[in-house]
*Asks:* 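Structure below; questions to follow.
Just so it is clear: chains get the letters A, B, ... in the order the sequence lines come, proteins before strands, and each one is counted from 1.
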Amino acid sequence: MLQVHFIKENKEKVLNGLKKRNFGNPEIIDQILEIDESRRATQTELNQLQAESKQVSKSIGDLFKQGKRDEAEAMRAKVATSKETIKNLEQQLGQSEEDMEKLLLQVPNIPHDSVPFGKSEEDNEVYKAWEGGLPTLHESAKPHWELAEQYNLFSLDLGVKITGAGFPLYRGKGAKLQRALISFFLDENTAVGYEEIQPPLLVNEATARGTGQLPDKEGQMYYVEKDDLYLLPTAEVPVTNVYRGDILNQDELPKMMTGYTPCFRREAGSYGAHVRGLNRVHQFDKVEIVRVEHPDNSYAALDKMVEHVGMLLNKLELPFRILRLCGGDVSFASALTFDFEIYSAAQKRWLEVSSVSNFETFQTNRLKLRYRDENGKTQLAHTLNGSALALARIVAGLLENHQTPEGIRIPEALQPYTGFDMIS
RNA sequence: GGAGGAGUGGCAGAGCUGGUUUAAUGCACUAGUCUUGAAAACUAGCGUACUCUAACGGGUACCGGGGGUUCGAAUCCCUCCUCCUCCGCCA
């Protein structure tokens, strides 16, 4: 959520940003500024009346104490009239605030200057292409869902039996591979300074609101009605909310956290080759990295995160490229996003495995996550997050790219975690 | 799930028979005085948000959240949440 005073002071910038996003309703900015104006007028009037009535009430108290009953009674009658006005103004103020919130929730973040113009994912810029040349596989190479069957690694059918479509069941070396990847990622992340967090998997409404899943993406989350809780769609939600409402000292920044959680997404949507196997499922495992940064450092931090994720993929020996998302594809809350895609030689397509974003103050404004600057003033911090990494598609990529006629080779970096170097 | 108790500023803690509380007091913190320096002592400052003002400086709201009674609520009433104690259940 943008801050009103930011919109007020940077109207042109905001409008240009919306244009870059191909945002259909730029008039909303003028509506916001109008409501802000009238809201402030209402508040000024209300505050004046409140100050008066406060004074009068006090003097009534004094009069009673002095025993001047009649005078006090007269004052009482006088105040009663302004009370009605106060109530109305309070209501009006509340309404303005509500209207304002509604409008602000519809305004996406302003894209960073480096974000290219464009309408859809086809316009994303290749920020870093894969230089090594794309791998080619042997004749009988298979997609991961066939490999899973051949080596008994996971079963979608059993998931259907137990739960429903999109809930894979991993078994044997497939299950072990999951566990190995989770440990590997967490160890790599903590090694560079991220604090490991194991959060609750169900979150309350305030938390879901803090990172922006509510109200915008309500339908994408599983909801437990009886307890009014949501199953988390990503660890970003609970982990970023760790510091919700806090005012940190400047020297406490940055806060770096990493967490593994299963992720639950309803993703009502398409079926077919693109979502076969593990390409898109309702439950998958992901290790997330989250940072709370000083605004001056957030873009340097973003670079570091991108570099870190690239390092992980290198260790897993997966060919990947990095995209800078264009204005039309960058997510609602993000100012700048880099997507990582690994190349699946078996599916002959790129698979998105990580998305690393800087949200600037868009989340912290809702979270009320601030720090105290050198002058002692509170300022909104910046938040960033990225997948490091999302398992299901990494598994797909590992199985497909490292398959040999003799079996599936486990990258060296992962072998200490799996305890085997081959799936055969 | 049942019964009882409690939620006050960074922390501790008073106020809770409604009106000198504009939230006492202590600790912590910041600045100054003193000191070679430090400690101690003393003096002053010390919450958040919104808002008015060119600025100095004002105003309003907030005592777990929301609502109500009243001229006036930290204080009374309703409701929700959380924590503590005991009982029950339980990985």
Side-chain angles (χ1 to χ4, degrees), chain A residues 1-9 32-104 198-210 214 223-230 238 241-253 255 262 361 363-381:
Chain A
M1 198 160 74
L2 295 178
Q3 297 177 93
V4 183
H5 79 254
F6 176 85
I7 295 177
K8 206 160 91 181
E9 283 157 26
I32 285 170
L33 294 178
E34 263 168 50
I35 291 184
D36 181 55
E37 190 112 345
S38 78
R39 190 202 101 246
R40 293 204 330 269
T42 307
Q43 183 173 342
T44 304
E45 193 184 346
L46 172 64
N47 285 172
Q48 271 165 11
L49 273 176
Q50 282 172 323
E52 269 171 44
S53 106
K54 209 167 148 182
Q55 283 288 309
V56 174
S57 289
K58 207 184 235 170
S59 64
I60 291 176
D62 292 339
L63 288 171
F64 268 120
K65 220 169 281 164
Q66 293 163 28
K68 298 178 180 168
R69 286 204 156 266
D70 295 345
E71 277 182 57
E73 289 294 343
M75 291 284 258
R76 230 157 104 163
K78 196 180 136 199
V79 167
T81 51
S82 70
K83 216 190 130 191
E84 193 71 17
T85 322
I86 287 177
K87 209 165 193 177
N88 286 336
L89 285 173
E90 272 173 348
Q91 230 162 39
Q92 209 174 308
L93 190 68
Q95 188 63 51
S96 297
E97 279 164 2
E98 217 173 281
D99 294 347
M100 180 63 96
E101 169 104 358
K102 228 186 231 168
L103 292 179
L104 283 175
Q198 200 173 103
L201 304 182
L202 286 96
V203 298
N204 59 31
E205 194 190 316
T207 297
R209 194 170 285 278
L214 285 179
Y223 175 55
V224 182
E225 192 168 6
K226 202 162 186 180
D227 298 287
D228 197 18
L229 295 171
Y230 297 84
N241 270 275
V242 164
Y243 293 104
R244 164 157 53 90
D246 287 0
I247 300 175
L248 302 167
N249 286 322
Q250 192 167 233
D251 54 22
E252 288 179 77
L253 297 173
K255 295 289 187 185
T361 61
Q363 287 184 327
T364 51
N365 186 30
R366 271 211 222 179
L367 290 160
K368 295 284 169 278
L369 199 182
R370 291 156 294 174
Y371 68 95
R372 217 175 278 286
D373 68 14
E374 55 277 359
N375 300 316
K377 280 188 69 176
T378 56
Q379 307 282 356
L380 292 176

*Asks:* In chain order, what residues pass the side chain to side chain donor-acceptor pair (under 3.5 Å) check against Asn204(A), with sequence neighbours excluded?
*Replies:* Thr207(A)
*Asks:* Could you list all N or O pairs between the protein and nucleotides 71-73 of chain B that sit under 3.5 Å apart?
*Replies:*
residue, atom, partner, partner atom, Å
C71(B), O2', Ser57(A), OG, 2.9
G72(B), O4', Ser57(A), OG, 3.2

*Asks:* Write down the distance separating the P atoms in G59(B) and C16(B), rounded off to the nearest Å.
*Replies:* 27 Å
*Asks:* Nearest heavy atom decides the nucleotide; on that basis, is Ile247(A) or Asp62(A) closer to the 5' end of RNA chain B?
*Replies:* Asp62(A)
*Asks:* Please measure how far the C1' atom in G88(B) lies from the corresponding atom in U17(B), and state the result in whole Å.
*Replies:* 39 Å
*Asks:* Rounding to the closest angstrom, what is the interatomic distance between G58(B) and U53(B) at atom C1'?
*Replies:* 8 Å
*Asks:* Taking only residues two or more places apart in sequence or in another chain, which ones pass side chain to side chain donor-acceptor pair (under 3.5 Å) with Arg40(A)?
*Replies:* Asp36(A)
*Asks:* With sequence neighbours left out, write down each residue that passes salt bridge (charged side-chain N to carboxylate O under 4.0 Å, His left out) with Glu252(A), or none if nothing qualifies.
*Replies:* Lys255(A)
*Asks:* Show me the donor-acceptor pairs, under 3.5 Å and distance only, between side chains in residues 363-375 of chain A and residues at least two apart or in other chains.
*Replies:*
residue, atom, partner, partner atom, Å
Gln363(A), OE1, Thr383(A), OG1, 2.8
Gln363(A), NE2, Thr211(A), O, 3.4
Gln363(A), NE2, Glu236(A), OE2, 2.9
Thr364(A), OG1, Thr361(A), O, 3.2
Thr364(A), OG1, Ala381(A), O, 2.7
Asn365(A), ND2, Met1(A), O, 2.9
Asn365(A), ND2, Leu2(A), O, 3.3
Arg366(A), NH1, Arg209(A), O, 3.0
Arg366(A), NH1, Leu214(A), O, 2.7
Lys368(A), NZ, Asn365(A), O, 2.6
Tyr371(A), OH, His294(A), NE2, 3.4
Arg372(A), NH1, Gly376(A), O, 3.4
Asp373(A), OD1, Asn375(A), N, 2.8
Asp373(A), OD1, Gly376(A), N, 3.1
Asp373(A), OD1, Lys377(A), N, 2.9
Asp373(A), OD2, Gln379(A), NE2, 3.0
Glu374(A), OE1, Gln250(A), NE2, 3.4

*Asks:* Who pairs with Leu49(A) by side chain to side chain contact (heavy atoms under 4.5 Å, CB included), at least two apart in sequence or on another chain?
*Replies:* Glu52(A), Ser82(A), Thr85(A), Ile86(A), Leu89(A)
*Asks:* In whole angstrom, what separates Arg40(A)'s CZ from U60(B)'s P?
*Replies:* 19 Å
*Asks:* Roughly, in whole Å, what's the span from CG in Leu49(A) to P in C50(B)?
*Replies:* 22 Å
*Asks:* With a 3.5 Å limit on both atom pairs, tell me what G1(B) is paired to, counting Watson-Crick and G-U wobble, or say none.
*Replies:* C87(B)
*Asks:* Nearest-Å distance, CG (Leu93(A)) to P (C62(B))?
*Replies:* 13 Å
*Asks:* Grab the CD-P distance between Glu45(A) and U51(B) for me, whole Å please.
*Replies:* 16 Å
*Asks:* Please tabulate, one pair per line, each protein N/O and nucleotide N/O from nucleotides 57-59 of chain B that are separated by under 3.5 Å, including the distance.
*Replies:*
residue, atom, partner, partner atom, Å
G59(B), N2, Asn47(A), OD1, 3.0

*Asks:* Could you measure between the two C1' atoms, the one in U43(B) and the one in G5(B), and give it in whole Å?
*Replies:* 43 Å
*Asks:* Does G7(B) have a Watson-Crick or wobble partner in any strand here, with both distances under 3.5 angstrom, and which is it?
*Replies:* C81(B)
*Asks:* In whole angstrom, give me the gap between the C1' atoms of G10(B) and G47(B).
*Replies:* 9 Å
*Asks:* What interatomic distance, in whole Å, is found between P of A28(B) and the corresponding atom of A40(B)?
*Replies:* 8 Å
*Asks:* For nucleotides 89-91 of chain B, which of its nitrogen or oxygen atoms have a protein nitrogen or oxygen under 3.5 Å away, and what is each distance?
*Replies:*
none

*Asks:* Both distances below 3.5 Å, Watson-Crick or wobble geometry, any strand: find the nucleotide opposite U69(B).
*Replies:* none
*Asks:* Please report the distance separating the P of G1(B) from the corresponding atom of C71(B), rounded so that it comes out in whole Å.
*Replies:* 41 Å
*Asks:* In whole Å, I'd like the distance from the CD atom of Glu52(A) to the C1' atom of A61(B).
*Replies:* 17 Å
*Asks:* Provide the distance between the two P atoms, one in G13(B) and one in A6(B), to the nearest whole Å.
*Replies:* 15 Å
*Asks:* Using a 4.0 Å cut-off on heavy atoms, which residues in residues 367-376 of chain A reach RNA chain B? List them by number, or say none.
*Replies:* Arg370(A), Arg372(A)
*Asks:* Once side chain to side chain donor-acceptor pair (under 3.5 Å) is applied, do any residues pair with Tyr230(A), and if so which ones, sequence neighbours excluded?
*Replies:* Glu218(A)
*Asks:* Can you name the side chain to side chain contact (heavy atoms under 4.5 Å, CB included) partners of Asp99(A), sequence neighbours left out?
*Replies:* Ile35(A), Gln95(A)
*Asks:* Not counting sequence neighbours, which residues clear salt bridge (charged side-chain N to carboxylate O under 4.0 Å, His left out) with Lys102(A)? List them please.
*Replies:* none
